[in-house]
Amino acid sequence: MSDISRLGFGCSGPWGMRWFDENRAINLIRTAISSGITQFDTGSFYCDGEAERRLGLALSDLEANEKEALTISSKTGTRKNTRGKLVKDFSEGTMRHDLETSLQRIGVSRLDILYLHGPDDDSLQKALPVLVGFKQQGLIGNIGVCGEGRGLEVATNTPEVDVIMGTFNILTRHHQETFRKAKQQGKKVVSIAPLAQGLYRRGFLQPRSLPDLWYLARAIVKNRTELRRARSLKWLHEVEGWKASQLALRFVLDQADIDTAMMTTTRPEHLTLNIAATERNLPEMLSAKLAALAA
């Protein structure tokens, strides 16, 4: 795998929704590329395929060698059934369909990484021969697993898996030991939700846009515990010279076992702040204070 940028852009969530302006979404990707971000992650089922399509549009003006300099990843293993419910499906036919569809939408001949999305032990073992076949055919460069808990632990101990992806931020660190073991075994490690979904953000509970409302609804459904803890972190907004999001992101970037922090945003000003955080050093006192937030 070629060198990957420390900061990646996740093409998902509000960014890929049809109600979010397509041109704004595309311009965010192009700004990220011009600012040195080289890793972009998405999923075949994100936003009913709209996320992959938009990423493809954003990359369409690049020359072949410029595309090759990027690390593009997508996911397989989750799809919508006939009732519109997300279900797991790691069958060979579904994975091949997902891969072929991803390549077409994004406009590339291969994916640098194809992640299995949340496999259990049995699904991982059944899917591996198929993914190894994709790799041998040159359709993918690396095999990844994106998941939680035991799923990532098993992936870490699976030689065929090249990359693991899991949640890690100032509020959630339960994968820390798994990440350490993965690095020891030579795997790449990608953190998702490195900004803790902005749960600590001022005004988070008073949404002023559709993306704001989307994040609030998601937090209420999936992250109530973290949301309650985040609301007590007012001091994050009182550190001179730092934005709260920069503190959160820099803390993740400082973890030796994490290769890339995969963030997402719908706002150019937030993208600029995130990129600036990659070029700053976090004072030791602040790092220790953030480390103490672990549950």
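Keep in mind it's a predicted model, so treat the numbers as computed, not measured. Scope of the values below: all heavy atoms of this structure, side chains included, with no hydrogens, waters or symmetry mates. Residues: numbered from 1 along the sequence shown.
Using modelled atom types, one side-chain atom of Thr42 and one backbone atom of Cys11 make a donor-acceptor pair closer than 3.5 Å. Here the side chain of Ser44 pairs a donor or acceptor atom with the backbone of Lys75 at under 3.5 angstrom. In this structure a side-chain-to-backbone donor-acceptor pair under 3.5 Å is missing from Arg6 to Ala261. Remark: the backbone N or O of Arg224 is not paired with any side-chain donor or acceptor of Arg229 at under 3.5 angstrom. No donor-acceptor pair under 3.5 Å is formed between the side chain of Ser232 and the backbone N or O of Arg228. Of the possible donor and acceptor atoms, none in the side chain of Asn223 sits under 3.5 Å from a partner among the backbone N and O of Leu227. One N or O on the side chain of Ser60 and one on the backbone of Leu57 form a donor-acceptor pair closer than 3.5 Å. Using modelled atom types, no side-chain atom of Arg30 and backbone atom of Ala25 make a donor-acceptor pair closer than 3.5 Å.
Shown here are the salt bridge (Lys or Arg N to Asp or Glu O under 4.0 Å) partners of Lys187, two or more places apart in sequence or in another chain: there are none. By the salt bridge (Lys or Arg N to Asp or Glu O under 4.0 Å) test, Asp48 is found to be paired with Lys80, residues two or more places apart in sequence or in another chain being considered. Annotation: side chain to side chain donor-acceptor pair (under 3.5 Å) contacts of Ser123 (sequence neighbours excluded): Asp120. Residues meeting the side-chain contact (heavy atoms from CB on, under 4.5 Å) test with Ala230, sequence neighbours left out: Leu171, Leu199, Tyr200. Arg110 is linked by a salt bridge (Lys or Arg N to Asp or Glu O under 4.0 Å) to Asp112, counting only residues two or more places apart in sequence or in another chain. Scored by the salt bridge (Lys or Arg N to Asp or Glu O under 4.0 Å) test, Lys67 finds no partners at all (sequence neighbours excluded).
Environment of CG in Asn281: sparse, with no more than 12 heavy atoms of neighbouring residues, nucleotides or ligands closer than 6.0 Å. Residue Arg231 places its CZ atom among more than 12 non-hydrogen atoms of other residues, nucleotides or ligands, all under 6.0 Å distant. Remark: Lys183 NZ is packed, more than 12 non-hydrogen atoms of other residues, nucleotides or ligands lying under 6.0 Å away. More than 12 heavy atoms of other residues, nucleotides or ligands lie within 6.0 Å of CD in Gln184, so this atom counts as buried by the packing criterion. A 6.0 Å sphere centred on CD of Glu269 holds more than 12 heavy atoms belonging to other residues, nucleotides or ligands.
Counting only heavy atoms from C-beta outward, the side chains of Gln255 and Phe179 never approach each other to under 4.5 Å. Between Leu86 and Arg79 the shortest side-chain heavy-atom distance does not fall below 4.5 Å. Put simply, the side chain of Val163 reaches to within 4.5 Å of the side chain of Val190, judged on heavy atoms. Side-chain contact between Thr260 and Leu7: absent, with no pair of heavy atoms (C-beta onward) separated by less than 4.5 Å. Using a 4.5 Å heavy-atom threshold, the side chains of Asp162 and Ile113 count as separate. For the pair Leu62/Ile33, a side-chain contact is recorded, criterion being any heavy-atom separation below 4.5 Å from C-beta on. Side-chain atoms of Phe40 and Leu70, non-hydrogen and from C-beta on, do get closer than 4.5 Å to each other. In this structure the side chain of Phe90 reaches within 4.5 angstrom of the side chain of Lys88, judged on heavy atoms.
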message = I'd like to know whether His175 forms a side chain to side chain contact (heavy atoms under 4.5 Å, CB included) with Leu152, so could you lay out the CA-CA distance, the side-chain angles of the two residues, the decisive distance to 0.1 Å, and finally the verdict.
response = CA-CA 8 Å; His175 291 138; Leu152 279 189; 3.8 Å; yes
message = Before you tell me yes or no, could you show the steps for Asp212 and Gln206 under side chain to side chain donor-acceptor pair (under 3.5 Å), namely the whole-Å CA-CA distance, both residues' side-chain angles and the distance that decides it to 0.1 Å?
response = CA-CA 8 Å; Asp212 287 351; Gln206 292 85 38; over 6 Å; no
message = As a quick check of understanding, evaluate side chain to side chain contact (heavy atoms under 4.5 Å, CB included) for Arg267 and Ser209, giving each step before the final call.
response = CA-CA 11 Å; Arg267 298 179 179 178; Ser209 66; 3.5 Å; yes
task = Dump the intermediate steps for side chain to side chain contact (heavy atoms under 4.5 Å, CB included) on Ser245 and Leu195, then the final yes or no.
result = CA-CA 6 Å; Ser245 60; Leu195 297 171; 4.2 Å; yes
task = Could you go through the side chain to side chain contact (heavy atoms under 4.5 Å, CB included) check for Trp15 and Thr265 one step at a time?
result = CA-CA 7 Å; Trp15 177 92; Thr265 186; over 6 Å; no
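The heavy-atom pair separating Leu131 from Ile140 by the smallest distance is O-CD1, 3.6 Å. Nearest heavy-atom pair, Cys146 versus Pro119, reported as atom, atom and distance to 0.1 Å: O-CD, 4.1 Å. For Ser109 against Leu139, the heavy-atom pair with the smallest separation is O-CD2, 4.2 Å. The minimum heavy-atom distance between Ser191 and Phe168, with the atom names listed, is OG-O, 3.0 Å. In terms of heavy-atom proximity, Gly8 sits nearest to Met262 at C-SD, 3.4 Å. In this structure, Pro211 and Pro14 approach most closely via the heavy-atom pair CB-CB, 3.9 Å.
By the rule that hydrophobic residues join a cluster once side-chain heavy atoms approach within less than 4.5 Å of another member, Ile170 and Val189 end up as members of one cluster. Hydrophobic clustering of Ile, Leu, Val, Met, Phe, Trp and Tyr side chains at less than 4.5 Å, counting indirect connections, keeps Val145 apart from Tyr46. Residues Met17 and Leu55 fall within the same hydrophobic cluster, defined by Ile, Leu, Val, Met, Phe, Trp and Tyr side chains chained together at heavy-atom separations under 4.5 Å. Residues Leu253 and Val239 fall within the same hydrophobic cluster, defined by Ile, Leu, Val, Met, Phe, Trp and Tyr side chains chained together at heavy-atom separations under 4.5 Å. Transitive grouping of hydrophobic side chains (ILVMFWY, heavy atoms separated by less than 4.5 Å) brings Leu293 and Leu286 into a common cluster.
Checking Gln197 against Asn169 by side-chain atom types alone, no donor-acceptor pair falls below 3.5 Å. For Thr31 and Ser34, the side-chain atoms include no donor-acceptor pair closer than 3.5 Å.
Of the inter-residue distances, the one linking Thr158 atom OG1 with Gln185 atom CD reads 9.0 Å to the nearest 0.5 angstrom. Interatomic distance, Ser12 OG to Asp41 CG, rounded to the nearest 0.5 Å: 7.5 Å. The NE2 atom of His270 sits 12.0 Å away from atom OG1 of Thr264, with the distance rounded to the nearest 0.5 Å.
Residue pairs meeting the salt bridge (Lys or Arg N to Asp or Glu O under 4.0 Å) criterion with at least one member in residues 238-249: none, sequence neighbours excluded. Sorted pairs that involve residues 214-249 and meet ring-ring contact (aromatic ring centres under 6.0 Å, His included), not counting sequence neighbours, are lacking altogether. Listed by first and then second residue, the salt bridge (Lys or Arg N to Asp or Glu O under 4.0 Å) pairs that reach into residues 90-106 are Glu52-Arg105, sequence neighbours excluded. For residues 12-26, the pairs satisfying salt bridge (Lys or Arg N to Asp or Glu O under 4.0 Å) are Arg18-Glu50, Glu22-Arg53, with sequence neighbours left out. Within the structure, salt bridge (Lys or Arg N to Asp or Glu O under 4.0 Å) pairs that include any residue of residues 143-156 comprise Asp121-Arg150 (at least two apart or interchain). Evaluation of the ring-ring contact (aromatic ring centres under 6.0 Å, His included) test over residues 100-143, restricted to residues two or more places apart or in two chains, returns Phe45-His117.
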